[in-house]
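Structure first, then comments.
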Amino acid sequence: RTSPTISVPADVQLDCGDDTSPNNTGNATGTDNCKTIIASYTDSHDPRNCVGKVKEVITRTWIVKDALVGGNSASGDQTITVVDTTPPVLSGVPADVTVECDRVVPPVSTAPTATDNCDSSLNPNYLGEERAVGACPNSYTLTRKWSATDACGNESAIQSQTINVVDTTPPTLNLPADTSVECTDDTSSDSTGKATGTDSCGSVKITETESSVSGSCGDTVVITRTWTATDACGNATSADQIITVVDNTPPTLNLPADTSVECTDDTSSDSTGKATGTDSCGSVKITETESSVSGSCGDTVVITRTWTATDACGNSTSGTQTITVVDTTPPMLEVPEDVNITPSGASSSYTIVSSDTCGGVVLTMDYSCQKRKKDGSLVSKPCEEDSVVLEGNTVTVIESGGVGNIITVTITSTDDCDNFSTKSFVVNVLRGDEGVGNGVDLNTPGHDNNGGNDDPGTGPGNPGAKGGKKNR
């Protein structure tokens with residue numbers, strides 16, 4: 001009897017999880033010279049516990065038999081080595097995320113899962129997190145890592161979640177209120193207020209810049225002060241504060257002193273003084289107006305001159321100066337030179353010239369009579385009543401009183417303010433044989449101007465003479 005011949009499949013190495021059936025590892029075959037061959041196998045398993053990454057060794061014993069009862073057989077072994085060289089696979093690692101620095105960094109979430117071709121239950125390993133400094137103090141990066149290792153020491157690729165902690169939120173800026181200040185006030189932020197700022201992730205730096213445009217008048221101005229709050233990561237918030245510099249303050253007015261001037265003096269401000277003014281916010285324009293009321297006499301007057309200082313913004317200050325025009329100057333008075341006349345019986349007239357710079361004048365007259373005696377002495381004598389009259393500005397000697405009479409005419413010119421001037425002139429009455437202008441001085445001793453009668457009251461040259469009279 002001849003045994004059949006067997007052909008065993010080659011030994012094979014499979015990965016854990018691969019098909020170990022003969023469909024994958026091969027079937028044994030046999031030949032026999034007489035009968036049909038029947039092949040069968042049995043497996044024995046030898047666990048190796050991943051020594052050398054071998055999970056187990058399967059010894060597959062193949063037997064082929066012919067078809068005879070109690071037939072002949074042949075056997076042979078095939079070795080199937082099952083190894084685990086494939087690392088586990090991680091899944092469910094949290095996605096990368098970016099959060100603001102003021103937000104809560106997400107905690108380590110439920111661990112990812114791991115699958116393996118050999119091990120049915122694996123727990124991933126959390127490898128911890130690493131922190132890397134970011135581009136600015138308030139930013140950083142957290143890297144969380146996981147891996148899985150199967151029973152044969154195959155380690156999965158490390159997978160990670162990146163958490164970017166950033167600061168892209170600008171700080172909060174708190175502005176000082178818009179304000180208006182006078183030209184003379186301090187416009188710096190020390191006086192008009194300073195901005196403040198806060199940031200959710202760190203400190204804030206406050207800076208200020210400004211620009212200005214001219215206001216509507218004078219030196220007024222509108223200042224735009226730009227405040228900026230900048231955090232440590234360069235995020236910035238800016239806003240404007242408006243400071244309006246106004247001029248509501250009237251200028252200062254410096255008045256010339258009150259004064260008194262004569263009627264003939266110049267009353268204009270060129271002579272009586274001009275006001276000046278200053279302003280804290282620009283130039284000043286000085287204007288003057290005046291009103292007047294009559295004084296107490298003549299052409300005197302009281303002038304009220306109103307001075308006004310107006311600045312470029314229309315603010316003004318006014319004050320008054322009083323100019324009192326007075327008359328303390330006596331009027332002008334001109335009387336004739338002394339004259340010599342003869343007793344012709346006719347009247348003689350003389351013109352008085354008088355005027356005043358501050359009104360009218362009133363002329364009044366006094367006159368007196370004298371007689372010269374032979375010894376040259378003068379004696380008073382009464383003048384003829386109404387022998388000298390004043391009408392208007394004309395003095396008329398109506399009655400000379402006879403030869404030897406000396407008439408002294410005194411004129412007083414009084415103006416409206418009771419200033420007066422007084423002047424006199426003399427009318428000498430000559431004897432006819434002496435004549436007017438013959439060079440004879442009748443008032444020298446040895447000349448008897450009363451015709452030899454020393455009685456001035458009864459002499460033929462002054463019959464009935466009486467006292468003088470004042471005419472106005």
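Being a predicted model, the structure only gives us computed values, none of them experimental. Along the sequence shown, residues carry numbers from 1.
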Supply the atom-to-atom distance [X] [atom1] to [Y] [atom2], rounded to the nearest 0.5 angstrom.
X	Y	atom1	atom2	value
Asp416	Thr300	CG	OG1	9.0 Å
Ile407	Asp338	CD1	CG	12.0 Å
Ile323	Thr304	CD1	OG1	8.0 Å
Lys65	Ser3	NZ	OG	12.0 Å
Thr328	Asp418	OG1	CG	13.0 Å
Ile163	Thr141	CD1	OG1	10.0 Å

Indicate yes or no for a side-chain donor-acceptor contact from [X] to the backbone of [Y] under 3.5 Å, with no hydrogens or angles considered.
X	Y	result
Asp247	Thr249	yes
Asp178	Ile242	yes
Thr237	Pro171	yes
Asn49	Val51	no
Thr310	Ser316	no
Gln321	Thr272	yes
Asn235	Asp167	yes
Asn393	Ile352	yes
Glu182	Asn248	yes
Thr317	Pro251	yes

How about [X] and [Y]: do any of their side-chain heavy atoms sit closer than 4.5 Å?
X	Y	result
Arg48	Val83	no
Thr149	Asn125	yes
Thr79	Val57	yes
Asp231	Cys201	no
Thr86	Asn154	no
Pro4	Asn72	yes
Val97	Gln161	yes
Val409	Tyr350	no

- Item | Cys136/Cys233 sulfur atoms closer than 2.5 Å |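 Cysteines Cys136 and Cys233 qualify as a disulfide pair, their SG atoms being under 2.5 Å apart.
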
- Cysteine SG atoms at Cys313 and Cys217 closer than 2.5 Å: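 Yes.
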
Where [X] and [Y] come nearest, the two heavy atoms and their spacing:
X	Y	value
Met365	Val395	SD-CG1, 4.0 Å
Trp62	Pro9	NE1-CD, 3.7 Å
Thr252	Ala309	O-CB, 4.5 Å
Ile286	Thr276	CD1-C, 3.9 Å
Leu90	Ala148	CD2-CB, 3.8 Å
Asp77	Val8	O-CG1, 3.5 Å

Cationic N near anionic O, under 4.0 Å, [X] to [Y]:
X	Y	result
Lys285	Asp279	no
Glu288	Lys274	no
Lys53	Asp84	no

- Message: For a side chain to side chain contact (heavy atoms under 4.5 Å, CB included) check, start with the C-alpha distance between Val105 and Tyr140, then their side-chain angles and the critical distance, and finish with the verdict.
- Response: CA-CA 11 Å; Val105 175; Tyr140 56 92; 3.7 Å; yes

- Message: Asn24: which residues meet the side-chain hydrogen bond (donor to acceptor under 3.5 Å, both in side chains) condition with it, sequence neighbours left out?
- Response: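 With sequence neighbours excluded, Asn24 shows a side-chain hydrogen bond (donor to acceptor under 3.5 Å, both in side chains) to no residue whatsoever.
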
- Query: Only one of Glu129, Glu130, Gln159 clears side-chain contact (heavy atoms from CB on, under 4.5 Å) with Arg144; which?
  - Reply: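 For Arg144, the side-chain contact (heavy atoms from CB on, under 4.5 Å) check succeeds only for Glu129.
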
- Query: How far apart are the C-alpha atoms of Val389 and Ile398, what are their side-chain angles, what is the distance that settles it, and do they pass the side chain to side chain contact (heavy atoms under 4.5 Å, CB included) test?
  - Reply: CA-CA 8 Å; Val389 296; Ile398 298 174; 3.8 Å; yes

Are [X] and [Y] close enough that a side-chain donor and a side-chain acceptor fall under 3.5 Å?
X	Y	result
Arg60	Thr25	yes
Asp11	Thr81	no
Ser147	Ser156	no

- Which is it for Met332 and Val353 under the side chain to side chain contact (heavy atoms under 4.5 Å, CB included) test, yes or no, and what are the steps along the way? CA-CA 8 Å; Met332 182 275 294; Val353 178; 3.9 Å; yes

- Give a yes or no on whether Phe425 atom CZ has more than 12 heavy-atom contacts from other residues, nucleotides or ligands under 6.0 Å away.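 Enclosed: over 12 neighbouring heavy atoms sit under 6.0 Å from CZ of Phe425.
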
- Task: Evaluate side chain to side chain contact (heavy atoms under 4.5 Å, CB included) for Ile243 paired with Arg225, printing each intermediate quantity in order.
- Result: CA-CA 7 Å; Ile243 300 107; Arg225 182 164 290 144; 3.5 Å; yes

